[in-house]
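Nothing here was measured: the structure is a model prediction, and the numbers come from that model. Side-chain atoms are counted along with the backbone in the values below, which use heavy atoms only and exclude waters and symmetry mates.
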Amino acid sequence: MRAHLASAMTLLLHDLKKTGAPVPLVEESDWQDYPGAESAMLRSSDFTGMGVWIDTGASEAAQIAMLADQVQEWVVELAEPRVTNWPQCPEHPKNHPMAAVANGNTATWVCPKSKRQVSEIGQLAPPA
């Protein structure tokens with residue numbers, strides 16, 4: 001896997017593992033031919049897949065937030081076992097997941113309702 005995507009994916013894999021969410025098999029793939037793109041396939045336990053990619057022309061924080069959105073979609077749509085609320089918002093655990101946002105040089109998980117920053121992406125703690 002290329003350097004930018006590998007670096008961002010490491011952060012997301014950490015958050016998946018720490019929160020007990022399903023972890024995909026990540027396969028190197030050049031499916032995205034957009035100039036400056038780095039791409040891969042995420043595979044579920046049943047080997048269904050979803051392509052993910054980042055734009056290397058974007059800031060590092062934007063790359064991480066972009067990938068986080070796609071990994072979040074994979075967890076909700078394709079992961080086995082199904083998880084419908086990842087990562088869970090600590091303020092509203094039954095209502096919505098957190099949103100990935102690029103804040104300057106940092107990519108963070110925030111509550112989409114209150115806009116409160118909960119954690120940097122790649123530093124989620126296990127659920128309480």
>> Going by salt bridge (charged side-chain N to carboxylate O under 4.0 Å, His left out), name the residues that satisfy it together with Glu91, two or more places apart in sequence or in a different chain.
In response: Arg116
>> How close do Ile121 and Ala65 get, counting heavy atoms only, and between which atoms?
In response: CD1-CA, 4.3 Å
> Can you name the salt bridge (charged side-chain N to carboxylate O under 4.0 Å, His left out) partners of Arg2, sequence neighbours left out?
Replying inline: none
> Should Met66 and Val110 be regarded as members of a common hydrophobic cluster, given that ILVMFWY residues are connected when their side-chain heavy atoms come within less than 4.5 Å of each other, either directly or indirectly?
Replying inline: no
>> If hydrophobic clusters are built by linking Ile, Leu, Val, Met, Phe, Trp and Tyr wherever their side-chain heavy atoms come under 4.5 Å apart, do Val76 and Val71 end up in the same one?
In response: no
> What are the two closest non-hydrogen atoms of Asn85 and Pro97, and how far apart are they?
Replying inline: OD1-N, 2.7 Å
>> I'd like to know whether CG of Asn105 has more than 12 heavy-atom contacts from other residues, nucleotides or ligands below 6.0 angstrom.
In response: no
> Passes side chain to side chain contact (heavy atoms under 4.5 Å, CB included), His96 versus Cys111? Steps please.
Replying inline: CA-CA 8 Å; His96 56 252; Cys111 170; 3.6 Å; yes
Could you pull out all donor-acceptor pairs under 3.5 Å where a side-chain atom in residues 51-58 meets a protein atom, sequence neighbours excluded?
from: Asp55; atom 1: OD1; to: Gly57; atom 2: N; distance (Å): 2.8
from: Thr56; atom 1: OG1; to: Gly36; atom 2: O; distance (Å): 2.6

> Considering all heavy atoms of both residues, which atom of Gly122 and which atom of His14 are nearest to each other, and what is their separation?
Replying inline: O-ND1, 2.9 Å
> Is the backbone of Ala3 close enough, under 3.5 Å, to the side chain of Ser7 for a donor and an acceptor to pair up by distance?
Replying inline: no
>> If you define the side chain from C-beta out and look only at heavy atoms, does anything of Pro90 sit under 4.5 Å from Met98?
In response: yes
>> According to salt bridge (charged side-chain N to carboxylate O under 4.0 Å, His left out), does anything in residues 92-115 pair up with another residue at least two apart or in another chain? List the pairs.
In response: none
>> Which heavy atom of Ala8 sits nearest to which heavy atom of Ile64, and what is that distance?
In response: CB-CG1, 4.0 Å
> If you round to the nearest 0.5 Å, how far is OG1 of Thr106 from CD of Gln117?
Replying inline: 7.0 Å
> Roughly how far, to the nearest 0.5 Å, is the CH2 atom of Trp74 from the OG1 atom of Thr48?
Replying inline: 8.0 Å
>> Once rounded to the nearest 0.5 Å, what's the spacing between atom NZ of Lys17 and atom CG of Leu124?
In response: 14.0 Å
> Does any N or O in the side chain of Ser119 come within less than 3.5 Å of the main-chain N or O of Trp109, such that one atom is a donor and the other an acceptor?
Replying inline: no
>> Strictly distance-based, threshold 3.5 Å: is any side-chain N or O of Glu38 a donor or acceptor partner for the main-chain N or O of Leu5?
In response: yes
>> Can you pull out every salt bridge (charged side-chain N to carboxylate O under 4.0 Å, His left out) where at least one residue sits in residues 58-83? Sequence neighbours excluded, please.
In response: none
Please table the atom pairs, donor to acceptor, closer than 3.5 Å between any side-chain atom in residues 19-28 and protein atoms at least two apart or in another chain.
from: Thr19; atom 1: OG1; to: Asp15; atom 2: O; distance (Å): 2.8
from: Thr19; atom 1: OG1; to: Leu16; atom 2: O; distance (Å): 3.2
from: Thr19; atom 1: OG1; to: Trp86; atom 2: NE1; distance (Å): 2.8
from: Glu27; atom 1: OE1; to: Arg43; atom 2: NE; distance (Å): 3.1
from: Glu28; atom 1: OE1; to: Met1; atom 2: N; distance (Å): 2.7

> If you take all heavy atoms of Ala100 and Ala68, which pair is closest and at what distance?
Replying inline: CB-CB, 3.6 Å
>> With a 4.5 Å cut-off on side-chain heavy-atom distances among I, L, V, M, F, W and Y, is there a chain of contacts connecting Met9 to Leu78?
In response: yes
> Can you check whether Ala40's main-chain N or O pairs, donor with acceptor, with Trp31's side chain at less than 3.5 Å?
Replying inline: yes
